[in-house]
Amino acid sequence: MPELPEVEVTRITLADRLNGGRVTAARLGKPLRWPLGCPPERLHGLRIGAMSRRGKYLWLPLQGADDAGGLLMHLGMSGSLNLADAPPPAGLHDHFELVTDRGTLRLTDPRRFGAIVWSDAIDVAPAAQLLARLGPEPFDPALTPAAFHRSLRARRTTIKAALLSGELIVGAGNIYVSEALFRAGIDPRARCDKISRPRSEKLLAALRQTLAQAISLGGSTLRDFRDAHGMSGAFQEQALVYGREGQPCGHCGGPIRRIVQGQRSTFFCPHCQRR
DNA sequence: AATGGCGCCTGAACGC
DNA sequence: TGCGTTCAGGCGCCAT
């Protein structure tokens, strides 16, 4: 499932190849989470800028002769972006296509929880609204251990739910939250506001280390995710707890447990992770 | 105000 | 074998 590492890997494998290109056509398939917000013809002739990332969103700036804007893109749960010179005919799950002089950019998304939305700028509606509630970027130096601990103390829910909300730190979804909590030795059921300062510092480091490792491994491919070259990720093979219910913990050898928190699976080691 | 839960959507896995 | 059910989860939205 695309979380921050998968989105960043997509950006890395896409940005340089598209930057400076020109849009020659755009096509829509089945509806995505939200409408595009402009006729696809609106994109014709626009010059492509440097793709950036905010949380799990990508922003593709598009410059016209006398106007500008861009596309805010989200991969949802099953989306991936592919750029190819001569792509195969569009398939059942290809729902957006941007034909450019650098190749054809295509969003493939079986479940259609993804989105591509036109916005006149990243800091005006609708992009600004969609990004408004996002917490700090995990690798932002301004996110200090002290600031992170302060934000934890303000939440009365479990640490799992708090991290998943994306309001304390963006980018970690169900896989990487389970992995980071294991690496930090923190029980996912622990009350967010009861995490001590030293443990919160360890958690922040674990989140950063887990996300960075996942980016370097090309993300996780559980089923659908591919980078813009069509390559799958390898982090899932390094996962210590996610998807490993009943298997022995790599630290203590005890069985890894699966519980459900907020309708979502959490994997953890009850022995190594403490409240 | 903060928090928990729902529903969107499809394909794979599972059970009888 | 085949059909129905359950599960996966990012995230806006709604209810409490």
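Letters A, B, ... are given to chains in the order of the sequence lines, protein chains preceding strands, and every chain is numbered from 1.
There is a side-chain donor-acceptor pair under 3.5 Å between A:Glu6 and A:Tyr176. Using a 3.5 Å distance cut-off with no hydrogens or angles, the side chains of A:Gln273 and A:Arg189 do not pair a donor with an acceptor. When only modelled atom types and interatomic distance are considered, A:Ser80 and A:Arg226 share no side-chain donor-acceptor pair under 3.5 Å.
Of the candidate nucleotides B:dA2, C:dG12, B:dG5, B:dG5 has the atom lying nearest to any side-chain atom of A:Gln263. Closest approach to the A:Arg112 side chain among C:dA8, B:dG11, B:dC9 is made by B:dC9 (side chain taken as heavy atoms from C-beta onward). Comparing C:dA8, C:dG12, B:dT3 by their nearest atom to the side chain of A:Arg258 picks out C:dA8. Closest approach to the A:Ser265 side chain among B:dT10, C:dA8, C:dG12 is made by C:dA8 (side chain taken as heavy atoms from C-beta onward). Across C:dG10, B:dT3, B:dT10, the shortest atom-to-atom separation from the side chain of A:Arg156 is found for B:dT3.
Look at CG on A:Leu32: it is 22 Å from P on B:dG7, rounded to the nearest Å. Spacing between atom CG of A:Leu164 and atom P of B:dG4 amounts to 12 Å, rounded to whole angstrom units. Computed from coordinates, the A:Glu167 CD to B:dA1 C1' distance equals 12 Å when rounded to whole Å. Distance, A:Phe113 CZ to C:dG12 C1': 12 Å, rounded to whole Å. Following rounding to the nearest Å, A:Tyr176 (OH) and C:dG10 (C1') show an atom-to-atom distance of 14 Å. Nucleotide C:dA8 holds its P atom 9 Å from the CG atom of A:Asn174, rounded to whole Å. Between A:Lys160 atom NZ and B:dT3 atom P there is a gap of 17 Å when expressed in whole angstrom units. With rounding to whole Å, A:Gln261 atom CD is found 14 Å from B:dG5 atom C1'.
A donor N or O paired with an acceptor N or O is found under 3.5 Å between the base of C:dG10 and the side-chain atoms of A:Arg264.
Taking only side-chain nitrogens and oxygens, A:Thr157 comes nearer than 4.0 Å to OP1 or OP2 of B:dG4. Side-chain N/O atoms of A:His93 include none lying less than 4.0 angstrom from OP1 or OP2 on B:dC9. Phosphate proximity of C:dG12 to A:Tyr57: present, with a side-chain N or O under 4.0 Å from OP1 or OP2. Dashed line: the shortest gap from a side-chain N or O of A:Arg111 to OP1 or OP2 of B:dG7 is not under 4.0 Å.
Under 4.0 Å is where a charged nitrogen must lie from a carboxylate oxygen, and between A:Asp85 and A:Arg17 no such pair does.
Heavy-atom distances to DNA chain B give each of A:Ala161 and A:Arg33 a nearest nucleotide, and the one nearer the 5′ end belongs to A:Ala161.
No more than 12 heavy-atom neighbours from other residues, nucleotides or ligands sit within 6.0 angstrom of CZ on A:Arg133.
Residue contacts for A:Phe225: at a heavy-atom cut-off of 4.0 Å it reaches no nucleic acid atom on any strand shown.
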